[in-house]
Amino acid sequence: MMHKPFSFLSTILAASLLAGSTVYAAPPAPIQHEHTAPAHADHQITKRTDAENMYNTIQFLSQAPRVAGSPEELKAVRYIEQQFKSYGYHVEVQPFQFEGYTAPSEVTLKIGTEKKEGEAFTYSPNSDVTAELVYVGLGTTADVAGKDLNGKIALIQRGNISFADKVRNAAKQGAKAVIIYNNTDGKLNGTLGGSDASFVAAVGITKQEGDALAANLRAGEKITATVKVAGAEVKTLTSHNVIATKKPDANKKNTNDIIIIGSHHDSVEKAPGANDDASGVAVTLELARVMSKLKTDTELRFITFGAEENGLIGSKKYAASLSEDEIKRTIGMFQLDMVGSKDAGDLIMYTIDGKKNRVTDLGAAASSRLSGVLPYGQEGRSDHESFHALGIPAALFIHAPVEPWYHTPNDTLDKISKEKLDNVADIVGSAVYQAARPGELVIEPIDYPRRNVELQN
Ligand SMILES: [Zn+2]
């Protein structure tokens, strides 16, 4: 799962509440199923999924961080490719280029002469500037209009628009650096989403520090700040997606449908990424292994994406490579991201618009047959976004709230729960198999609640 790019959830929530709508595209009218009963079908999955296999995958992948474009990410790509091939799949490795970012070796923030803690935003350029600090609210075009920021440092609050737009707006008015403060508790270390020649250095600070500075500036105090970012570097790198395809078993009753099961194999810097997202890759591989032994009437694509942490770049590239026909035929995308931590909460399905869809219906039905109620909520921040953008029903399967080790060097194998891996593989596997096994797709109408658990406490 990637860093929060900006605070947009409240806006979207407000919009969907106004619309007052929980309606979604319903599947075609049910036709009676003449084949195996769901319980028996689920058993085809649950008796085969093996937590040891998934644990071993995580053990291999989490030996080192797998930053997009690094040799370690490529090693993961080759491993995943080999595993898929060993299950008998046709595998495509899809390379793509992106702008990689080497984090700065030094970030210094001073208010007057006092050193403060600041985090450089990903894709912040280097700079060394000491200048007057000017408060510009949320940093919208309206906020900066008419403000003299020439050669100065802008103090901006997080919220409403992206970090990148805040930095661009301030830079356009002449600011030489930007300090953005959080609108919630905790450190602020976000991303500007990609490199841009118009960016100036951008550093994040806490809400507490920011509120105090803003109050003093509003009271007329003159404050001088220093923002130094050194050693950061942007360069063109290559990452890869790995795609294993299972064509429907030869039969004239085959559907023309495609289902995608996805996860991401890259991690952030310094994090071994055992849960984020070696766990999702492990479940993807295990479901590919299990499905290779079963007859299906629907095309299955098992995909691990690269450069997810850099802004869902791999899944966007893959989505852009799909033809109109493939998009029309894709009836669901199941994204598995952070699905094995002992220290995270319960499983939830998140959609981009906060509405139920075919994927959540299938997931909730499978869960109710196997292990109980599975709620849904609204969140992006993973590769399901790239498919929702194409109009494909998509959902993120994740345990929420996420563990305290998220994006830290402590995201290691010892925090992995085999029971959780097994449970997620059984639910998602049974959900996919309900749609992909031979016979008409009938989704049993069940109630499942909306539960908007914040991913991070
Ligand atoms: Zn992540």
Side-chain angles (χ1 to χ4, degrees), residues 1-6 9 57-58 61-70 72-73 76-77 80 98 100-101 103 119 121-123 163 186-194 204 237 239-241 262-284 303-316 318 334-345 347-348 350 352 379-387 394-413 415-416 420-421 424 453-457:
M1 180 183 75
M2 65 171 187
H3 285 309
K4 214 175 179 104
F6 56 96
L9 188 60
T57 298
I58 298 172
L61 292 175
S62 64
Q63 296 172 83
R66 306 173 300 280
V67 177
S70 70
E72 292 76 19
E73 192 206 32
V77 163
I80 294 160
F98 70 103
Y101 183 76
E119 312 264 336
F121 282 84
T122 302
Y123 294 109
F163 295 134
K187 284 185 184 176
L188 178 54
N189 53 356
T191 175
L192 303 181
L237 297 173
S239 177
H240 302 82
N241 297 322
S263 52
H264 71 90
H265 51 245
D266 63 310
S267 76
V268 296
E269 279 185 59
K270 301 191 184 99
N275 196 44
D276 185 8
D277 181 28
S279 66
V281 172
V283 175
T284 305
I303 311 180
T304 71
F305 301 104
E308 186 266 0
E309 301 287 6
N310 304 62
L312 316 178
I313 296 171
S315 56
K316 283 178 187 164
Y318 178 77
F334 294 74
Q335 173 71 359
L336 298 151
D337 196 353
M338 305 178 69
V339 288
S341 176
K342 282 176 185 169
D343 307 306
L347 189 64
I348 302 192
Y350 288 99
I352 303 301
E379 187 59 85
R381 296 174 65 181
S382 193
D383 296 309
H384 59 311
E385 273 193 47
S386 307
F387 296 88
L396 164 66
F397 290 73
I398 189 169
H399 293 118
V402 302
E403 64 280 10
W405 329 119
Y406 165 66
H407 284 189
T408 75
N410 297 319
D411 181 5
T412 46
L413 183 68
K415 321 290 196 316
I416 293 296
K420 276 185 164 166
L421 289 172
V424 174
V453 178
E454 285 287 331
L455 287 179
Q456 284 161 278
N457 273 329

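A quick note: this is a predicted structure, and the numbers were derived from the prediction, not measured. Whatever order the structure lists them in is the order used to number ligands and atoms, beginning at 1.
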Asks: Just to confirm my numbers, could you give the angle made at the Zn ion (ligand 1) by NE2 of His407 and OE2 of Glu309, rounded to 10°?
Replies: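 If I round to 10°, I get 100°.
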Asks: Can an N, O or S atom be found in Met1 less than 2.8 Å away from the Zn ion (ligand 1)?
Replies: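 A backbone or side-chain N, O or S atom of Met1 is under 2.8 Å from the Zn ion (ligand 1).
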Asks: Ignoring hydrogens and geometry beyond distance, is a side-chain donor-acceptor pair present between Asp343 and Trp405 at under 3.5 Å?
Replies: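 Judged by distance alone, the side chains do pair up.
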Asks: Would you call Tyr101 and Leu192 a side-chain contact if the rule is heavy atoms closer than 4.5 Å?
Replies: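 With C-beta onward as the side chain, the pair stays apart.
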Asks: Closer than 2.8 Å to the Zn ion (ligand 1): does that hold for any N, O or S atom in Asp276?
Replies: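 Checking the Zn ion (ligand 1) against Asp276, an N, O or S atom does fall under 2.8 Å.
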Asks: Are side-chain N/O atoms of His264 and Asp383 paired as donor and acceptor at under 3.5 Å?
Replies: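 No - no donor-acceptor pair under 3.5 Å links their side chains.
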Asks: Relative to the ring of Phe387, is the ring of Phe305 parallel (under 30°), tilted (30 to 60°) or perpendicular (over 60°)?
Replies: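 Rings of Phe305 and Phe387: tilted, 30 to 60°.
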